[in-house]
Amino acid sequence: MVALTFPDGARREYPDNSTGFDIAKGISPSLAKRTVAMALDGVLIDLNDKIEKDAKIEFVSRDDPRALELIRHDAAHVMAEAVQQLWPGTQVTIGPVIENGFYYDFFRNEPFTPEDLPVIEKTMREIIAKDKPFTKEIWTRDQAKKFFKDKGENFKVELVDAIPPGESLKIYKQGDWLDLCRGPHMTSTGKIGNAFKLMKVAGAYWRGDAKNPMLTRIYGTAWPEQKQLDEYIHMLEEAEKRDHRRLGREMDLFHFQEDAPGAVFWHAKGWTLFETLIAYMRRRQQEAGYNEVNTPQLMDSQLWVTTGHMEKYREMLFLTEKREDDERTYTIKPMNCPGHVQLFKNGLKSYRDLPLRIAEFGKVHRFEPSGALHGLMRVRAFTQDDAHIFVTEEQITEVCLGIHHQLLSIYSDFGFETVAIKFADRPEKRVGADDVWDKAEVSLLAALKAAGKPYSHNKGEGAFYGPKLEYVLRDAIGRDWQCGTTQVDLNLPGRLGAFYIAASGEKVTPVMIHRAIFGSLERFIGILIEQHAGHLPLWLSPVQAMVCTITSDADGYAGEVLAAAKKAGLRVDADLRNEKINYKVREHSLAKVPVLLVVGKKESESRSVSIRRLGSEQQSVMPLEAALAALAAEATPPDLKRGQEAT
RNA sequence: GCUGCCGUAGCUCAGUGGUAGAGCACCCCCUUGGUAAGGGGGAGGUCCUCAGUUCAAUCCUGAGCGGCAGCACCA
């Protein structure tokens, strides 16, 4: 007998080898009917599994959040069956559940096209309508290998081989069709329901390795109810509306063109935003004791051999051709650090100079793979808010901690309160001895522990010269973006021959801490655009206000408003065109101008403005001076606001 | 980089082996209108590039470039 504890606390005994289904049926046939799986001691398993020991039991119905994964996994199996039914000879590989859905990777000489998706979906619906029961069998390794080999399923044979000895081989059947699978599954295909949709086809490497054959992956999404599927599709449409590439064009911020793949053409408004971010960061850096510098865009390629970049990252570098009248070739900088080491080396440094903070808004170029390029998020030419802090070994922890606090304060100014931290240690491709790495990792981790924030461990993901902390922002629609980084580097300064004179009079190699907060200005702007769906906060908006006239009678007054607003420090423009106010409101709203200052006869007579805020249909009429004072206060960058409050 | 899809006006997109289209935007005219598109007219194209097939290519074929999605990559 086994003793089972139910969610309500009741405890009952059942004969050995009872299945979940037996027990559910014993309680009530309707419970058995609506149960798709069970959880024993919190672990989800097949409802038809035999229960062999005392446990807490829960019956999982279709609308249980835990069933979502099963619905999706079952849908993946049904999709695989549909595909093999439609195109016999297609090999199946793996089909896991992912966030919001599932996929299955197939191998077939002919690729799938988007037109195939509705056909596959139709066949899936037929399989689901048949309500085929899922059944499980345990096979031996040889049995499974022979079966898949005979069927020509070579990828499955590889998967069988990859299963560790001693682990049982589970085969799940739905009718005649079967698949090697870890499970669990629901009781039958009918439980999947109809709230699913195949989303797209794409290539994916077998086992995620670019050296392996390319498979075709079909992505799908599945939900318990149609309503949730509709909501999900609606959410995707909303995300598309936030796409910074579209908004960038609509807001006249930047563009790309074929002549410069992966490089931004910043328009005046986009550049205003860019400069606003730099001005902000410049103030924050000054307050934290950084010295801003500028270093050459091109340096002798030999320098990059010394740093190790040429060896480790040659394919990422932009190099100049050798000229007839010059012996040397040059490399466009992919990073600012070697330049900053040159600055450190220029003039003898004392331990009294440390920590020495060198900052640069450095524009770097990296030959990113063409397939990686994505709007502002991944480019080949970008600007870092880069800084290098030269310290003694003893100063590492304290300096990293200081960076940590400033970094969080800065993210908070931009409205990012959820920041995850990852600790990345030594990668395989690296320079420097292991004992040096030991030291660097210990010191950086000490700062992280002192900060007292939760963090995750990103094994083997450090830079080639040192371990790093990665700061990951969560945006308004739940996406994660890695922006900031703090890296401890015990290697490069030594390689490049940097030293300082210690208190003892000896020459000592300094430790260099690399840090960036925005990371890439370009990317950070892309994130801000998507975070706010283009509705940037007033202090960041390139055009903060637009004076709109109702009739040309107000042109003169509009000019006064414009001049006064500029004098108040606002970035403002005026629209005096011979257009109706509706037209102007629509146009500037679409361009995401946050404040419209509408002036007509009434306003000019009373020296006031009618204010309409982006996203609101309401207007408020205020005296001109008061309105401008309020807007100017709101448009003050958060760090300056704090400064004003303090005085 | 790999796989698939795509490239026609500033934008969104139709279309055809023989003379290239729409809506919006732009310019001009009329309209002076109170908070998300007033009306009329006009201009605008190397149909991504190069080669091939053809009497004839924007269309068919091949290569290249660029974009999109996914994968791989991301110091």
Side-chain angles (χ1 to χ4, degrees), chain A residues 103 105 110-116 199-219 243 245-246 249-250 252 255-262 307-309 312-313 315-317 334-338 364 366-375 377-380 382 384 424 427 429-431 461-466 468 470 482 485 487 489 491-492 514 516 519-520 523 548-555 577-591 596-603 610-619 621:
Chain A
Y103 67 78
D105 285 348
E110 285 285 296
F112 295 100
T113 68
E115 289 73 53
D116 295 332
M199 306 300 285
K200 57 193 165 198
V201 291
Y205 299 108
W206 169 235
R207 299 184 150 189
D209 189 329
K211 290 193 275 297
N212 287 340
M214 178 69 75
L215 308 170
T216 302
R217 175 171 298 179
I218 301 180
Y219 283 94
D243 191 315
R245 293 167 297 185
R246 173 213 288 265
R249 187 175 57 236
E250 289 173 359
D252 192 19
H255 82 268
F256 290 90
Q257 64 188 50
E258 283 200 19
D259 312 83
T307 57
H309 287 86
K312 309 271 178 200
Y313 290 101
E315 68 285 4
M316 298 292 275
L317 301 177
M335 296 180 84
N336 302 299
C337 14
V364 297
R366 301 176 183 177
F367 196 92
E368 300 286 349
S370 58
L373 301 180
H374 181 88
M377 302 305 192
R378 192 79 181 271
V379 287
R380 286 184 177 154
F382 60 100
Q384 294 179 312
K429 237 178 158 184
R430 62 175 183 261
V431 297
E461 294 293 321
F464 76 83
Y465 46 70
K468 61 184 182 183
E470 295 172 336
Q482 199 216 301
T485 180
Q487 310 173 357
D489 184 350
N491 286 302
L492 263 188
H514 308 238
S520 150
R523 199 164 96 109
C548 297
T549 49
I550 299 220
T551 70
S552 55
D553 294 340
D555 286 1
R577 289 176 304 170
N578 174 13
E579 295 291 351
K580 287 194 169 182
I581 191 62
N582 281 316
Y583 185 91
K584 294 184 184 181
V585 166
R586 174 180 157 82
E587 189 162 292
H588 300 303
S589 297
L590 288 174
L596 300 186
L597 301 173
V598 178
V599 295
K601 194 164 173 236
K602 283 186 283 189
E603 288 79 7
S610 166
I611 301 175
R612 179 186 168 121
R613 306 291 297 230
L614 179 60
S616 162
E617 288 177 15
Q618 299 187 337
Q619 307 127 38
V621 178

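To find a chain, count down the sequence lines: A is the first, B the second, and so on, and within it residues start at 1. In this text the structure is predicted, and so the values were computed from the model without any measurement.
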Note to self: Within this structure, what is the CG-OH distance for the pair A:Asp105 and A:Tyr205, rounded to the nearest 0.5 Å?
What the structure shows: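 One finds 13.0 Å between CG of A:Asp105 and OH of A:Tyr205.
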Notebook entry, point to check: How far does CD1 of A:Ile581 sit from OG of A:Ser610, to the nearest 0.5 angstrom?
Noted result: 8.0 Å
Rounded distance (Å) that lies between atom [atom2] of [N] and atom [atom1] of [X]:
{"X": "A:Glu579", "N": "B:U35", "atom1": "CD", "atom2": "C1'", "result": "15 Å"}
{"X": "A:Leu590", "N": "B:C11", "atom1": "CG", "atom2": "C1'", "result": "13 Å"}
{"X": "A:Met377", "N": "B:G67", "atom1": "CE", "atom2": "P", "result": "16 Å"}
{"X": "A:Asn212", "N": "B:U3", "atom1": "CG", "atom2": "C1'", "result": "14 Å"}
{"X": "A:Glu617", "N": "B:G34", "atom1": "CD", "atom2": "C1'", "result": "15 Å"}
{"X": "A:Arg586", "N": "B:G33", "atom1": "CZ", "atom2": "C1'", "result": "17 Å"}
{"X": "A:Asp252", "N": "B:C26", "atom1": "CG", "atom2": "P", "result": "13 Å"}
{"X": "A:Ile550", "N": "B:A36", "atom1": "CD1", "atom2": "P", "result": "11 Å"}

Checklist line | Contact pattern, 5' to 3', of nucleotides 68-75 of chain B - B, S or - by protein heavy atom under 4.0 Å | finding: SSBBBBBB
Notebook entry, point to check: What one-letter contact string describes nucleotides 44-49 of chain B from 5' to 3', where B marks a base within less than 4.0 Å of any protein heavy atom, S marks contact via sugar-phosphate atoms alone, and - marks no contact?
Noted result: ------
Note to self: Quiz question: going by heavy-atom distance under 3.5 Å, is there a donor-acceptor pair between the base of B:U32 and the side chain of A:Ser552?
What the structure shows: yes
What interatomic distance, in whole Å, is found between [atom1] of [M] and the corresponding atom of [N]?
{"N": "B:G18", "M": "B:U61", "atom1": "P", "result": "16 Å"}
{"N": "B:C65", "M": "B:A9", "atom1": "P", "result": "22 Å"}
{"N": "B:A56", "M": "B:G70", "atom1": "P", "result": "44 Å"}
{"N": "B:U58", "M": "B:A51", "atom1": "P", "result": "12 Å"}
{"N": "B:G66", "M": "B:C30", "atom1": "C1'", "result": "44 Å"}
{"N": "B:G33", "M": "B:G38", "atom1": "C1'", "result": "8 Å"}
{"N": "B:A57", "M": "B:G15", "atom1": "C1'", "result": "15 Å"}
{"N": "B:A22", "M": "B:A14", "atom1": "C1'", "result": "7 Å"}

What's [X] touching, base or sugar-phosphate or nothing? Going by heavy atoms closer than 4.0 Å.
{"X": "A:Lys312", "value": "nothing"}
{"X": "A:Thr113", "value": "nothing"}
{"X": "A:Leu215", "value": "nothing"}

Searching all strands shown, indicate the nucleotide that pairs with [N] (Watson-Crick or G-U wobble; both distances under 3.5 Å).
{"N": "B:A9", "result": "none"}
{"N": "B:C27", "result": "B:G41"}
{"N": "B:G33", "result": "none"}
{"N": "B:U16", "result": "none"}
{"N": "B:C71", "result": "B:G1"}
{"N": "B:A51", "result": "B:U61"}

Are [X] and [Y] close enough that some pair of their side-chain heavy atoms sits under 4.5 Å apart?
{"X": "A:Val598", "Y": "A:Gln619", "result": "no"}
{"X": "A:Asp116", "Y": "A:Val201", "result": "no"}
{"X": "A:Tyr465", "Y": "A:Gln487", "result": "yes"}
{"X": "A:Cys548", "Y": "A:Glu579", "result": "no"}
{"X": "A:His514", "Y": "A:Asp489", "result": "yes"}

So, is [X] close to the [N] phosphate, meaning a side-chain N or O under 4.0 Å from OP1 or OP2?
{"X": "A:Ser370", "N": "B:G1", "value": "yes"}
{"X": "A:Arg612", "N": "B:A36", "value": "yes"}
{"X": "A:Asn582", "N": "B:U35", "value": "no"}
{"X": "A:Arg577", "N": "B:U32", "value": "no"}

Note to self: Here's a test of your reading of the structure: between A:Ser589 and A:Phe112, which maps to the more 5' nucleotide of RNA chain B?
What the structure shows: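 Per heavy-atom nearest nucleotide, the more 5' residue is A:Phe112.
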Check: Got a sec: does the NZ of A:Lys429 have more than 12 other heavy atoms crowding it under 6.0 Å?
Finding: yes
Next item on the list: Take atom CD of A:Glu617 as the centre, draw a 6.0 Å sphere, and report whether it contains more than 12 heavy atoms from other residues, nucleotides or ligands.
Entry: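 Not more than 12 within 6.0 Å, no.
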Notebook entry, point to check: Should the pair A:Lys200 and A:Tyr219 be classed as cation-pi, given the thresholds of under 6.0 Å to the six-membered ring centre and 45° from the axis?
Noted result: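 Yes, a cation-pi geometry holds between A:Lys200 and A:Tyr219.
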Margin query: Does A:Gln618 form a side chain to side chain donor-acceptor pair (under 3.5 Å) with A:Ser616? I'd like the steps, not just the answer.
Written below: CA-CA 5 Å; A:Gln618 299 187 337; A:Ser616 162; 4.6 Å; no
Notebook entry, point to check: Using 4.0 Å as the upper bound for N to carboxylate O, is an ion pair formed by A:Asp243 and A:Arg245?
Noted result: yes
